[in-house]
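Some notes on the structure that comes next.
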Amino acid sequence: MTTASQVLDRVLVLEMVRVTEAAAIGASHLIGRGDEKAADAAAVEAMRAALNELYMDGTVVIGEGERDEAPMLYIGEKVGAAPGKGPKIDIALDPLEGTTITAKAGPNALAVLAISEEGNLLNAPDVYMDKIAVGPGYPANVIDLDKSPTENVKAVAAAKGVEPHEVIACVLDRPRHEALIAELRGLGCGVVLIGDGDVAGVIATTNPDTTIDIYMGSGGAPEGVLACAALRCVGGQFKGRLLFRNDDERARARKWGIEDLDKQYDLAELAKGDCIFAATGVTSGSLLDGVKRRGDKLTTNSVVMRASSGTVRWVKGEHRVGHLAD
């Protein structure tokens, strides 16, 4: 069992929900408006303001990019109301996971963040990561990126006591995954294609109601760390390996302390020790309902988890439009 962190005070558990609620509400005003950048900017601004109200000495280790490339919530940015005084907290965040989804009013857009003690979240660069994940209840190391998709599906099927064609996989709908999708369908697997939002896709493996058994394919490395923080709280397995398209991306990884560029990371190497994960739905999806407006009230739906206790809290909030800062 994960030891509870004295730094991650219980108060911070629900404070994290306030942060993701703020970002989700900020982005919700742009749902279906076709402007990805405006939706993302609204979520970033709201999340940053909420983080800066908390008594902590926070550092963004997974953010909107590097300082020269992103003016808000960049990697290395300091947040919190008590720099040098409050508890030292590492923060991984995605104020709007699913910018395209939000712009098109599609499902599964989330405001997401995870926190841990200093040094416990991998400072992953903004590059791609090859990922594979399953929910809890499987033998250790049932999945492995050094195995083929077919081998991984057969291993999961054997552990479940079913045939490979009964396994359902979740994959990002991208041209780079055409061969993967073809291989899975060749086995007879069901393939759930998602347009964006692979944090929700990974977490879906932990919820039997989704019927998704395994997540496969490449996506953003920062999202991989966020998903691992959630799996640390509810159980499951994850393997990840950074993918580099050029020497500039390799140099960026080394800049952030990544030494072994070919390493296959396990769940506990991406998100160590005690951690807290929080998410609020922006648009409705498999994990959470989105922000709803009824008259002068906004309703939000969130989930917050903690690794040390294994606690999962589902939080429904009602916010009066004129009192959103309360």
Side-chain angles (χ1 to χ4, degrees), residues 1-20 23 47-48 50-64 73-95 97 110-126 129 131 133 199 202-203 206 220-240 242 256-258 263 265-280 302-313:
M1 181 175 177
T2 302
T3 302
S5 163
Q6 298 301 311
V7 174
L8 302 186
D9 186 270
R10 289 185 180 184
V11 175
L12 282 177
V13 175
L14 292 180
E15 290 291 355
M16 292 305 104
V17 173
R18 294 179 61 151
V19 173
T20 56
M47 181 172 279
R48 191 168 191 252
L51 285 168
N52 282 330
E53 292 178 358
L54 301 182
Y55 185 82
M56 66 177 181
D57 181 2
T59 302
V60 177
V61 297
I62 298 287
E64 293 284 286
L73 290 173
Y74 54 84
I75 297 171
E77 181 173 352
K78 303 293 290 185
V79 294
K85 298 179 181 178
K88 292 186 177 296
I89 302 292
D90 278 358
I91 305 167
L93 54 84
D94 193 341
E97 208 238 345
L110 300 171
V112 182
L113 78 91
I115 66 171
S116 74
E117 290 186 72
E118 187 177 30
N120 279 356
L121 297 175
L122 182 75
N123 199 340
D126 189 12
M129 175 183 280
K131 309 172 188 178
V199 172
V202 170
I203 296 173
T206 70
E223 288 82 359
V225 175
L226 281 162
C228 282
L231 291 185
R232 289 279 292 110
C233 299
V234 297
Q237 297 180 40
F238 182 100
K239 303 288 186 181
L242 299 176
W256 294 110
I258 307 296
K263 179 179 176 63
Y265 289 94
D266 202 352
L267 174 65
E269 294 175 303
L270 294 167
K272 303 175 185 176
D274 196 6
C275 57
I276 297 168
F277 172 89
T280 299
S302 306
V303 61
V304 58
M305 316 172 184
R306 186 167 184 177
S308 62
S309 62
T311 303
V312 178
R313 291 182 172 89

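From a predicted model like this one, the values you see are computed outputs, not experimental measurements.
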>> Go through it in stages, so that I can follow the logic: the residues are Thr311 and Met305, the test is side-chain contact (heavy atoms from CB on, under 4.5 Å), and I'd like the CA-CA distance, side-chain angles, deciding distance and then a yes or no.
In response: CA-CA 6 Å; Thr311 303; Met305 316 172 184; over 6 Å; no
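- Note that CG of Asn123 and OG1 of Thr59 are 10.0 Å apart. Values are rounded to the nearest 0.5 Å.
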>> For a side-chain contact (heavy atoms from CB on, under 4.5 Å) check, start with the C-alpha distance between Leu8 and Arg306, then their side-chain angles and the critical distance, and finish with the verdict.
In response: CA-CA 10 Å; Leu8 302 186; Arg306 186 167 184 177; 3.7 Å; yes
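- When all heavy atoms of Asn52 and Gly80 are compared, the pair lying nearest together is OD1-N, 3.0 Å.
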>> side-chain contact (heavy atoms from CB on, under 4.5 Å), that's the test. Do Phe277 and Val112 meet it? Break it down for me.
In response: CA-CA 8 Å; Phe277 172 89; Val112 182; 3.3 Å; yes
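- One distance of note links CD of Glu97 with CG of Leu113; it measures 12.5 Å at 0.5 Å rounding.
- The line from CG of Leu110 to OG1 of Thr280 is 8.5 Å long, rounded to the nearest 0.5 Å.
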>> Please determine whether salt bridge (Lys or Arg N to Asp or Glu O under 4.0 Å) holds for the pair Lys85 and Asp57, giving the CA-CA distance in whole Å, both sets of side-chain angles, and the decisive distance to 0.1 Å.
In response: CA-CA 7 Å; Lys85 298 179 181 178; Asp57 181 2; over 6 Å; no
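- Contact of the Ile75 side chain with the Pro125 side chain is not registered, since no non-hydrogen atoms from C-beta on lie closer than 4.5 Å.
- Rounding to the nearest 0.5 angstrom, the gap separating the CE atom in Met16 from the CG atom in Leu54 is 5.0 Å.
- Remark: Leu51 CG to Glu15 CD distance equals 10.5 Å, nearest 0.5 Å.
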Cut-off 3.5 Å, no hydrogens considered: what does the side-chain donor-acceptor table look like for residues 220-227, sequence neighbours left out?
none

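- Checking each of Ile276, Asn120, Asp274, Leu93 against Ile115 for a side chain to side chain contact (heavy atoms under 4.5 Å, CB included) leaves exactly one that passes, namely Ile276.
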> Hey, mind stepping through Asp94 and Val199 against side-chain contact (heavy atoms from CB on, under 4.5 Å) and telling me if it holds?
Replying inline: CA-CA 10 Å; Asp94 193 341; Val199 172; 5.8 Å; no
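- For the residue pair Leu270 and Cys228, the shortest heavy atom distance occurs at CD1-SG, 3.4 Å.
- The main-chain N or O of Leu267 is never found under 3.5 Å from a side-chain atom of Arg232 such that the two would form a donor-acceptor pair.
- Partners of Asp90 under the salt bridge (charged side-chain N to carboxylate O under 4.0 Å, His left out) rule, at least two apart in sequence or in another chain, do not exist in this structure.
- Residues Cys233 and Ala307 approach most closely at SG-N, 3.3 Å, considering heavy atoms.
- Separation of atoms SG (Cys275) and CG (Leu121) is listed at 7.0 Å; rounding is to 0.5 Å.
- Here the side chains of Leu73 and Val79 are in contact, with some heavy-atom distance below 4.5 Å.
- Contact annotation: the side chain of Arg313 never approaches that of Val17 to less than 4.5 Å [non-hydrogen atoms, C-beta and beyond].
- Here the shortest heavy-atom pairing between Ala278 and Thr20 reads O-CG2, 3.7 Å.
- When all heavy atoms of Phe238 and Ala133 are compared, the pair lying nearest together is CD1-CB, 3.8 Å.
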